[in-house]
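One structure is given below, encoded as structure tokens.
Letters go in sequence order (proteins before strands), and every chain restarts at 1.
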Amino acid sequence: MIRVRFAPSPTGYLHIGGARTALFNYLFAKKNNGKFILRIEDTDAERSTEESVKIILESLKWLKILWDEGPEVGGEYGPYFQSQRLHIYKEFAQKLLNEGKAYKCYCTKEELEQQRQKAEKMKIPFKYDSKCRNAKEQDKPYTIRIKINNGGETEVNDLIRGKVVFKNDVLDDFILVRQDGMPTYNFVATVDDILMKITHVIRGEDHLSNTPKQLHIYKALNEKPPQFAHIPLILGNDRSRLSKRHGATSVTEYKEKGFLPEAFVNYLALLGWSPDSEENVFSIDELIKNFSLERVHKSGAMFDNNKLLWLNGVYLREKITEDDFVNLCLPYLLKDKIISDSDIKDNFNYIKKVVLLEREKIKILSEISYSVEYFFKDEIKIDDDAKKIWEENKSIKNDVLKVILNVVNEEGVDKIKVENRLKDEIKSFNIKPKIFMHIIRIALTGRITGPGLFDIIEILGKEKVLRRIEKAFSIS
RNA sequence: GUCCCCAUGGUCAAGCGGUUAAGACAUCGCCCUUUCAAGGCGGUAUCGCGGGUUCAAUUCCCGCUGGGGACGCCA
């Protein structure tokens, strides 16, 4: 049985990179009928917060990357919060101490810091000098360090990178347990991966250099290590590791902007992995079906917001129903005060018609508010491009408006009728249809772009159209 | 600085010794069209450099260069 895990530390929101790591783990597990485990690595008491745990769980749920074992769902290898497993780590540390594979170190932080700075000055890498290996038992605070023997090398057989060799000499006797008794990352991750029977560790490439350390812990514990697969990092637009300064990095932000989780997951899957076909659009089930570690890339991938935007547009217009689209738009319209709760009750049909006009156009849901604003507000704000058109056609503007006024007065707002009449009327003007339509469009919307003009007229209705046209005569 | 990883268009990438070097996003042009989109068609654009190996290297090996990551009592 294949068992993989995603093990975030709750020190902030769920990062895009973390989300993709979780996704690859999830896809690999589902593809192989295995289990996907979620473990919270909260051994850093200072920085871990409950709020952060909440956000991470919510983000994963939003992405529909659901775990088989872990917080909220439990499982037979729990608890899944490391802060609740401290007694276990203590036991393991004691065992290593008893077997002479680890030792107590009485060096202070200050002493070590001094040595570190000295090494830096001499431009040599800092390595703890193993001074306390043979120290006598003392009544002083201590850390627990693992004994790393000099010489030889440690091989990591990575599923993505192949064999990677590290000389043991680059390692020092690193700390397993802090002075305050809290165990450290490399130690707990290893112990838990053993206890939780993890078969494959799929994680970011930044962990590759931790792997030899963990391999030494496996060895000291006489345990067989799992398979490792280090996936490439997600890069910002300057090719450095994606971080806040590159823009939105949290899953939450993408959710709020109005990306669909399916589109987001689809995009994430395409970063660092490529399918065996020319397809780009994949449902989660198709991703599961097609996923394999063999097709994961080795090099880092830049996060391309453009492609994400495009993909989200595809989902918005092709992968969800009209009703879904409308319902997904409502929260944004409410939030931006374009509509109120009572509007939804009383005017749902109108809202629906309006919103659907934009389905082909918007790329993220949050764009809906601005794009349909003029359908709900009678004070039309005329933007700069529109002003220019009116200015350039000053001499005929009001004549055009007179035409549309008459047409609507006589024909109503049926879009076929209006269109036929208007196309007929254009003939008496010596201007391009484009300009003719623009002038009317501006009177109704204040803009020179938007849905079909006749759709706008029909949906606005006779009363609003007449009112806006009349008002437009006196605006320049 | 030391160790490790990586290297195909602007971006994501296919390729796994012989190819007209796929495809997608972006970009440009055309078509459709009342605008903007969407859609259709087409164009521009890629194997970092230098050595080998080989009849033949984008592909294999070495070096260089460049980029990234790790060097915590963070994870």
Separation of rA75(B) P from M182(A) CE (nearest whole Å): 8 Å
rU54(B) pairs with, by Watson-Crick or G-U criteria that keep both distances under 3.5 Å: none
Pairwise distance CE(M182(A)) to CG(D44(A)) - rounded to 0.5 angstrom: 8.0 Å
Lys/Arg N to Asp/Glu carboxylate O, R39(A) vs D193(A), below 4.0 Å: yes
Backbone of S283(A) reached by a side-chain donor or acceptor of K319(A) within 3.5 Å: no
Euclidean distance for P, rG51(B) against rU46(B) (whole angstrom): 22 Å
Between rU58(B) and rU2(B) - P atom distance, rounded Å: 32 Å
Most 5' of E419(A) and D44(A) on RNA chain B, judged by nearest nucleotide: E419(A)
Identified pairing partner of rU46(B), criterion: Watson-Crick or G-U wobble below 3.5 Å: none
Touch class at under 4.0 angstrom, heavy-atom based, for G313(A) against every strand present: nothing
rA38(B) and rC28(B), which share atom name P, separated by this distance in whole Å: 12 Å
rC36(B) base / K361(A) side chain donor-acceptor hit below 3.5 Å: yes
Footprint string (nucleotides 60-71 of chain B, 5' to 3'): B base within contact, S backbone only, - free, heavy atoms under 4.0 Å: -------SSSS-
Base rU35(B) paired with R447(A) side chain (donor-acceptor, <3.5 Å): no
Interatomic distance where CD belongs to E278(A) and C1' belongs to rC25(B) [whole Å]: 15 Å
Sugar-phosphate only, base, or nothing, as touched by T108(A) at under 4.0 Å among non-hydrogen atoms: base
Residues Y185(A) and N210(A): side-chain donor-acceptor under 3.5 angstrom: no
Residue among K147(A), R133(A), K131(A), K101(A) satisfying salt bridge (Lys or Arg N to Asp or Glu O under 4.0 Å) with D173(A): R133(A)
Touch class at under 4.0 angstrom, heavy-atom based, for T11(A) against every strand present: nothing
Listed nucleotide nearest any side-chain atom of W310(A), set rA37(B), rC25(B), rC5(B): rC25(B)
Euclidean distance, atom CG of residue L356(A) to atom C1' of rA37(B) [Å, nearest integer]: 15 Å
Touch class at under 4.0 angstrom, heavy-atom based, for R295(A) against every strand present: sugar-phosphate
Euclidean distance, atom CZ of residue F228(A) to atom C1' of rC5(B) [Å, nearest integer]: 16 Å
Rounded distance in Å between the C1' positions of rA14(B) and rU19(B): 12 Å
Touch class at under 4.0 angstrom, heavy-atom based, for K109(A) against every strand present: base
Sugar-phosphate, base or nothing in reach of T449(A), heavy atoms under 4.0 Å: base
N or O in side chain of R317(A) less than 4.0 angstrom from rG39(B) OP1/OP2: yes
Rounded interatomic separation in angstrom, taking OH from Y267(A) and C1' from rA24(B): 11 Å
Sugar-phosphate, base or nothing in reach of I448(A), heavy atoms under 4.0 Å: base
Side-chain N,O (H297(A)) to OP1/OP2 (rA14(B)) below 4.0 Å: yes
Touch class at under 4.0 angstrom, heavy-atom based, for V177(A) against every strand present: nothing
Salt bridge present between R241(A) and D206(A) (N-O < 4.0 angstrom): yes
Separation between the C1' atoms of rG42(B) and rU35(B), rounded to whole Å: 24 Å
Length of the line joining I175(A):CD1 and rA75(B):P, which is rounded to integer Å: 11 Å
Nearest-angstrom distance from the residue atom CG of D383(A) to C1' of rU35(B): 12 Å
G-U wobble or Watson-Crick pairing nucleotide for rU35(B) (cut-off 3.5 Å, both distances): none
rC61(B) to rC6(B) separation - P atoms, rounded to the nearest Å: 11 Å
Distance between C1' atoms of rU53(B) and rU65(B) (Å, rounded): 23 Å
Rounded P spacing from rG10(B) to rC16(B) in Å: 23 Å
Out of rA38(B), rC12(B), rU34(B), whichever nucleotide has its closest atom nearest the side chain of K307(A): rC12(B)
Ring-face cation contact, F291(A) with R295(A), 6.0 Å cut, 45° max: no
Atom-pair distance (OH on Y185(A); P on rC73(B)), nearest Å: 15 Å
Stepwise salt bridge (Lys or Arg N to Asp or Glu O under 4.0 Å) check, R421(A) with E425(A): CA-CA 6 Å; R421(A) 271 293 298 276; E425(A) 301 278 355; 3.2 Å; yes
Flag for R203(A)-T211(A): side-chain donor and acceptor within less than 3.5 Å: yes
Touch class at under 4.0 angstrom, heavy-atom based, for E41(A) against every strand present: sugar-phosphate
Presence of K423(A) side-chain N/O under 4.0 Å of rU34(B) phosphate oxygens OP1/OP2: yes
Options rC5(B), rA75(B), rU11(B), nucleotide nearest the side-chain atoms of V164(A): rC5(B)
Touch class at under 4.0 angstrom, heavy-atom based, for K167(A) against every strand present: nothing
Closest nucleotide among rA13(B), rC12(B), rC73(B) to the S274(A) side chain: rA13(B)
Position toward the 5' end of RNA chain B (nearest nucleotide), G272(A) or R47(A): G272(A)
Residue matched to rU11(B) through Watson-Crick or wobble contacts both under 3.5 angstrom: rA24(B)
Sugar-phosphate, base or nothing in reach of P212(A), heavy atoms under 4.0 Å: nothing
Proximity to the side chain of R441(A) - top-ranked nucleotide from rU35(B), rC6(B), rA37(B): rU35(B)
Nucleotide forming a Watson-Crick or wobble pair with rG29(B), both distances under 3.5 Å: rC41(B)
K388(A) and E391(A): CA distance, side-chain angles, deciding distance, salt bridge (Lys or Arg N to Asp or Glu O under 4.0 Å) verdict: CA-CA 5 Å; K388(A) 214 173 123 200; E391(A) 184 61 33; over 6 Å; no
Sugar-phosphate, base or nothing in reach of L453(A), heavy atoms under 4.0 Å: base
Main-chain N/O of T43(A) paired with Q82(A) side-chain donor or acceptor, under 3.5 Å: no
Lys NZ or Arg CZ of R447(A) over Y370(A) ring: under 6.0 Å, within 45°: yes
Proximity to the side chain of E360(A) - top-ranked nucleotide from rC73(B), rA38(B), rC12(B): rA38(B)
Nucleotide opposite rC3(B) in a Watson-Crick or G-U pair, distances under 3.5 Å: rG69(B)
